[in-house]
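What follows is a single structure, written as structure tokens, with notes after it.
In this chain, numbering begins with 1 at the start of the sequence shown. All values below come from the heavy atoms of this structure, side chains included, with hydrogens, waters and symmetry mates left out.
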Amino acid sequence: MACRRPNILFLLADDLGWNDLGATGSAYYESPYLDRLAAGGMQFTQGYATCQVCSPSRASILTGKVPPRHGITDWIGAAWGTEWRRQGRHNRLLPPPYRQELGSEEITLPAVLREGGYRTLFVGKWHLGDVGAHPEDRGFDVNVGGWKAGSPIGGYFSPWQNPRLPNRRNGECLPLRLADEMSRLIEAAAGQPFLAYLSFYSVHGPIQTSRDRWEYFRQKAVAAGPPPLRRFAFDRRLPVRLVQDCPVYAGMIQAMDEAVGMVLETIERLGLADHTVTVFTSDNGGVVSGDSYSTAGLPLRGGKGRQWDGGVREPLFVGIPGLTRPGSRCNVPVSHLDLYPTLLELAGLRQPAAARLDGASLMPLLRGEPDETITGRDLFWHYPHYGNQGGEPAAVIRRGDWRLIHYFEDGRDELYHLANDPGEQRDLAMVEPDLAAELRHYLDRWLVEVDARLPVPDPEHDPVLEQRRLDDHRTRLMAELETQHRDYLDPEWQPDADWWGSQVTRD
């Protein structure tokens, strides 16, 4: 790459699982453009989000801080305190309060880049605050589509309900529209360095695709052979999907991938490819449980909203022309926290002293050099809430291949060795008590350092009602899900009547 400051293309998926792309191991989903990104730069095989749900993770990318520091520890809009009882969950704990917007005092990555001469462009999902806390209030020059909503209100086909993204024509596909908007902004910004931050709503629920995409992936699933006897197994609190064969979800990944291709083609057409850094990742794990039950993340355990590795491990590709070796892979555990200092270093800008960044620049790893400050550090997570996907209030420390989960409900610890047990099936806390105690000590110390808020016992907790709810999920819900997901492959299956675009061929 030449000495001039690089452009930055930051591509952020929503709810995409760690193995939901061809490049990360899926044999069913198709993602040629994203696979090309992975092959053209460095793929971090152990890249992590800072939280298993979206708003905290997205805030951490923009601030370089762990969620307890910026205060957004759950998706914005989730109930907390006594309001949690209205969910009908009958849980033991009441989740603590959390911040409802990205604070105006935060020194965001786009704000620092803008101060350094970058044009900062935002398109897509925000979900970090309402009016007064939109992207244009937190460092972006332009905002298209970003507002308070965390899902595409009205769905993935126009007409949708988004005050920052006017409808153009019925049946228009949302990710392709976002790509078109970003392509226009990049073309207008060419001539000065830019941050193009394309934040997809895909592949968040509701899962919707066009009829031709559904049919293509339906036939692909059928051609693969007889479906399994069971698509679901019960894990702790909810059913979990075991196989990747949902043609609706596959169509959504394909549409997002084509949108990425549109933006990449724009950059190439404008002659900017040799001066553009690309980053692709997702905000949290795939939806294996809860919501639309749309994907499977095996061999990892859990997914979005859950405390195991599948909830926070993400695809992470970084391409730097002239620096990253095509096809290179890095197995060092890294975090979204590291992207802020990495991109500032690439832009030739200093880290603001007042920003209190929690990550480290990945430049040594990107150059293929070991760095003890990265390889020797601990990683931490704190989610004191109940996930809609069956997750439990917990805090986590990872040191090397060891991962300890501390549960706030009953104070127990689980200890796993990820290299030998990536699916976190063998709890070694009783086998390695000294190590478990040591890791718990450092986790407790970190929680104090970051002033982490903790859940409190609910004096109205009813264990009988809680068990009744779990039993219903284990029986009725399991049976309903098996039928629903089998029917996705029925050639006579029909989507909801209000599903715009389901009868429209793709753009």
Side-chain angles (χ1 to χ4, degrees), residues 10 12 47-78 80-81 95-113 126-129 133 135 137-139 281 283-284 307 311-312 314 333-345 349-362 373-374 377-385 387 391 393-399 404-406 408 439-456:
F10 197 109
L12 180 61
Y48 285 96
T50 62
C51 188
Q52 53 265 55
V53 295
C54 60
S55 296
S57 175
R58 289 166 178 265
S60 290
I61 291 172
L62 293 175
T63 64
K65 295 180 179 180
V66 292
R69 291 200 200 275
H70 58 63
I72 304 173
T73 55
D74 204 356
W75 60 273
I76 294 175
W80 57 272
Y98 61 93
R99 193 156 191 176
Q100 300 289 302
E101 65 178 34
L102 185 60
S104 60
E105 77 283 359
E106 297 293 350
I107 304 172
T108 66
L109 173 64
V112 178
L113 290 171
W126 181 241
H127 201 192
L128 290 173
D137 305 305
R138 297 295 183 265
T281 191
D283 59 355
N284 50 249
Q307 61 272 14
V312 288
E314 314 302 331
V334 299
S335 169
H336 283 171
L337 297 168
D338 304 324
L339 297 174
Y340 189 137
T342 302
L343 294 175
L344 285 191
E345 184 172 347
L349 300 173
R350 293 183 178 179
Q351 298 181 21
R356 291 187 64 191
L357 302 185
D358 287 314
S361 174
L362 298 176
T373 61
I374 300 175
R377 67 182 174 174
D378 297 334
L379 296 179
F380 298 92
W381 293 266
H382 176 58
Y383 186 63
H385 309 275
V396 177
I397 178 174
R398 174 167 178 175
R399 174 177 294 176
L404 180 131
I405 306 173
H406 172 66
F408 294 117
L439 292 178
R440 173 68 184 280
H441 167 75
Y442 282 97
L443 177 59
D444 288 343
R445 189 174 74 175
W446 177 81
L447 290 171
V448 172
E449 289 175 355
V450 299
D451 195 22
R453 292 181 173 181
L454 304 178
V456 297

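Across all their heavy atoms, Pro384 and Pro455 have their closest contact at CB-CD, 3.6 Å. The minimum heavy-atom distance between Gly391 and Gln307, with the atom names listed, is CA-OE1, 3.5 Å. Closest of all the heavy-atom pairs between Leu62 and Pro110 is CD2-CD, 3.9 Å. Minimum heavy-atom separation, Tyr98 to Ala78: OH-O, 2.7 Å. Of all non-hydrogen atoms in Arg350 and Leu344, the two that sit nearest each other are O-CD1, 3.8 Å. Nearest approach of Arg99 to Ile72, heavy atoms of both residues: O-CG1, 3.6 Å.
To the nearest 0.5 Å, atoms CG (Leu12) and SG (Cys54) are separated by 10.0 Å. Going from atom OG1 of Thr108 over to atom CG of Leu113 covers 8.5 Å, rounded to the nearest 0.5 Å. Rounding to the nearest 0.5 Å places CG of Asp74 at 9.0 Å from CD of Gln52. Rounding to the nearest 0.5 angstrom, the gap separating the CZ atom in Arg58 from the CG atom in Leu102 is 12.5 Å. Atom NE2 of His441 sits about 10.0 Å away from atom CD1 of Ile397, to the nearest 0.5 Å. Here Leu447 contributes atom CG and Phe380 contributes atom CZ; the two are 8.5 Å apart, rounded to the nearest 0.5 Å.
The local environment of CH2 in Trp80 is sparse, with at most 12 non-hydrogen atoms from other residues, nucleotides or ligands closer than 6.0 Å.
Side chains of His385 and Thr73: a donor on one and an acceptor on the other come within 3.5 Å. One side chain, Glu345 or Ser361, offers a donor N or O that lies under 3.5 Å from an acceptor on the other.
Under the rule for a side chain to side chain donor-acceptor pair (under 3.5 Å), the partners of Arg399 that lie at least two apart in sequence or sit in another chain are Asp378, Glu438. Asp137 meets the salt bridge (charged side-chain N to carboxylate O under 4.0 Å, His left out) test with no other residue; sequence neighbours excluded. Partners of Gln351 according to the side chain to side chain donor-acceptor pair (under 3.5 Å) rule, which considers only residues two or more places apart in sequence or in another chain, do not exist here. Residues satisfying the side chain to side chain contact (heavy atoms under 4.5 Å, CB included) test with Val456, not counting sequence neighbours, are Leu94. Every residue meeting the side chain to side chain donor-acceptor pair (under 3.5 Å) condition with Ser60, not counting sequence neighbours, appears here in chain and number order: Thr50, His70. For Arg377, the salt bridge (charged side-chain N to carboxylate O under 4.0 Å, His left out) partners are Asp338, not counting sequence neighbours.
Between the side chain of Ser57 and the backbone N or O of Asn284, no donor-acceptor pair lies under 3.5 Å. The backbone N or O of His406 lies less than 3.5 Å from no partner atom in the side chain of Arg440, so there is not a single donor-acceptor pair.
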Should Arg138 and Leu128 be marked as a side-chain contact (heavy atoms from CB on, under 4.5 Å) after you check the CA-CA gap, both sets of side-chain angles, and the distance that decides it? CA-CA 10 Å; Arg138 297 295 183 265; Leu128 290 173; over 6 Å; no
As a quick check of understanding, evaluate side-chain contact (heavy atoms from CB on, under 4.5 Å) for Leu337 and Val66, giving each step before the final call. CA-CA 7 Å; Leu337 297 168; Val66 292; 3.6 Å; yes
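Residues Cys51 and His382 form no side-chain contact, since every pair of their non-hydrogen atoms from C-beta on lies 4.5 Å or further apart. Side chains of Tyr340 and Ile107 form a contact here, defined as non-hydrogen atoms less than 4.5 Å apart. Two residues are said to be in side-chain contact when any heavy atoms from C-beta on lie closer than 4.5 Å; Pro68 and Trp446 meet this criterion.
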